[in-house]
Number of protein chains: 2
Amino acid sequence: MTTLAQTKKTGNIRAQSQHKILIAASTEFVLQGYKGATVQSIADRAELPKANILYYFKNKENIYQAVLEHTLEMWDEGIGDIDPSEGPKAAIEKFIDAKVRMSFNYPEASKIYAMEIIQGAQHLKEFARTYQRKWVREKAKLFQQWIDNGEMANVDPVHLIFLIWSSTQHYADFETQILTIMNRADYEEDDVETVINFLTDLILRGCGLK
Amino acid sequence: MTTLAQTKKTGNIRAQSQHKILIAASTEFVLQGYKGATVQSIADRAELPKANILYYFKNKENIYQAVLEHTLEMWDEGIGDIDPSEGPKAAIEKFIDAKVRMSFNYPEASKIYAMEIIQGAQHLKEFARTYQRKWVREKAKLFQQWIDNGEMANVDPVHLIFLIWSSTQHYADFETQILTIMNRADYEEDDVETVINFLTDLILRGCGLK
DNA sequence: CTAAAAACTTACTATTTGGTCAACATTTAT
DNA sequence: ATAAATGTTGACCAAATAGTAAGTTTTTAG
């Protein structure tokens with residue numbers, strides 16, 4: 001996360017503090033929810049006085065908005081794009097791979113986003129919503145062409161995207177439950193690969209690509 | 001929801017009030033989260049004075065516990081059991097069918113549960129967790145036998161359960177996002193069947209059962 | 001009909017919390 | 001070096017909230 005530029009260079013006290021606050025706030029929002037996360041608890045976690053938090057962010061709502069934006073940016077970068085020329089098999093493989101790695105590497109981002117949606121996307125700005133609609137529509141069209149060309153089985157592309165979305169995200173959002181069921185304390189190195197292999201295998205076969 | 005018995009028969013003012021409170025509380029907890037849902041907001045939604053709420057439930061934590069219990073009970077009834085004699089195809093079909101219908105008919109239950117898990121299952125009692133572990137282990141064993149008998153493809157049974165779990169639950173939890181993407185205001189009658197057909201088709205094929 | 005039990009309600013309190021403010025400290029540019 | 005800009009902080013406040021106490025009304029059982 002922390003890249004070279006922001007590590008020490010003078011003049012970016014602001015950037016450093018804001019970053020520290022965002023990280024702490026993310027954790028608090030996941031653990032306690034929007035209302036349950038207090039400015040004080042965020043301050044404690046960031047090891048800064050409360051008034052300092054409110055010097056950098058006008059109010060709690062603004063902190064949350066910043067967290068949401070940060071989350072969506074990361075998400076967007078991480079997912080990458082589907083290259084129409086590569087065909088359905090590679091496209092699905094890459095999509096699953098990227099999403100599973102995101103889930104395991106940034107579970108908090110996934111959780112914050114999930115909670116926001118479950119609660120009705122009350123804080124999510126309109127542009128973020130329409131952006132997603134466009135994204136899904138565009139990718140679905142691509143899959144539909146492959147289907148029409150007989151390159152894969154006739155499965156509804158939109159629901160296929162939902163399936164990949166949900167099954168991958170699940171490992172982040174339901175981490176607690178999954179670990180309980182597996183009787184483990186934490187995920188381990190191999191788990192990422194296991195999940196990628198399992199999902200890729202089953203979904204490709206489900207799409208008639210194996 | 002409201003069954004015959006509790007509709008009027010005298011002597012169950014308590015049951016009726018508690019039920020009304022539980023329904024209102026469920027909605028509030030989904031919309032505002034645990035901390036964000038206030039006793040007053042629950043009271044308003046239930047159309048009862050706040051003190052009356054606290055007459056029936058000692059405190060907010062107790063209301064939430066009751067909501068969680070109620071949710072898990074419903075869930076448990078709705079899912080039904082897998083009959084070992086029916087084979088993998090029927091088992092998966094029935095499981096998907098039940099879970100999708102639950103998601104569409106009781107999205108709130110699914111949402112409350114999802115939020116609880118995402119936030120680390122802080123309020124969920126130990127017995128509920130171990131119960132789930134047992135459930136999954138038991139079903140997984142069944143699938144494993146079918147695999148060993150060559151009745152279905154060699155897919156990890158535990159991850160298969162996770163996949164069905166997540167992909168079905170998604171239609172409840174991410175309702176808001178799905179509707180936005182589909183550019184719709186509400187789910188419609190046909191949607192349940194469409195989803196069941198899509199998921200059953202893809203997953204069965206993914207398991208080498210088609 | 002009556003008395004006990006259950007249900008309901010009003011008024012209040014202690015605590016928590018988001019946010020402000022004014023003073024103080026440090027950093028930056030000239 | 002110095003002043004302007006930026007950053008830091010403790011003290012404070014008004015509003016919101018969970019929960020209580022103590023009384024009144026309604027329901028139930030004999």
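Each chain gets a letter, A, B and so on, in the order the sequences are listed, and its residues count up from 1.
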Under 6.0 Å between ring centres, would you say that holds for A/Tyr56 and A/His19? no
Nearest whole Å is fine: how far is D/dT6 P from A/Asn12 CG? 15 Å
Taking C/dC8, D/dT9, C/dT9 as options, the one with an atom nearest any side-chain atom of B/Pro49 is C/dT9
Just to verify, which of A/Gln169, A/His170, A/Met115 counts as forming a side-chain contact (heavy atoms from CB on, under 4.5 Å) with A/Ser110? A/Gln169
Is the centre of the B/Phe143 ring less than 6.0 Å from the centre of the B/Trp146 ring? yes
Taking CD from B/Glu47 and P from C/dC8, how many angstroms apart are they, rounded to a whole number? 14 Å
Tell me whether the side-chain N/O atoms of B/Arg14 come closer than 4.0 Å to OP1 or OP2 in C/dA7. yes
Please check if the distance between the ring centroids of B/Phe95 and B/Trp135 is under 6.0 Å. yes
Calculate the interatomic distance between A/Ile13 atom CD1 and D/dA5 atom P; express it in whole Å. 17 Å
Tell me, please, whether B/Tyr34 has B/Lys60 positioned over its six-membered ring: NZ or CZ under 6.0 Å from the ring centre and within 45 degrees of its axis? yes
Looking only at side-chain N and O atoms, does A/Tyr56 come under 4.0 Å of OP1 or OP2 in D/dT8? yes
Could you encode protein contacts along nucleotides 11-20 of chain C as a string, one character per nucleotide from 5' to 3', using B for base contact, S for sugar-phosphate-only contact and - for no contact, with a heavy-atom cut-off of under 4.0 Å? ------SBBB
Output the rounded distance in Å from CZ (B/Phe57) to C1' (D/dA18). 16 Å
Nearest whole angstrom, please: distance from the P of D/dT17 to the CD1 of B/Ile42. 12 Å
Kindly say whether A/Gly206 contributes a backbone atom to a donor-acceptor pair with the side chain of B/Arg205 at under 3.5 angstrom? yes
If the cut-off is 4.0 Å, is A/Tyr55 near the phosphate of D/dT8, judged by side-chain N/O to OP1 or OP2? no
Once you round it to whole Å, what is the distance between P of C/dA6 and CG of B/Asn52? 15 Å
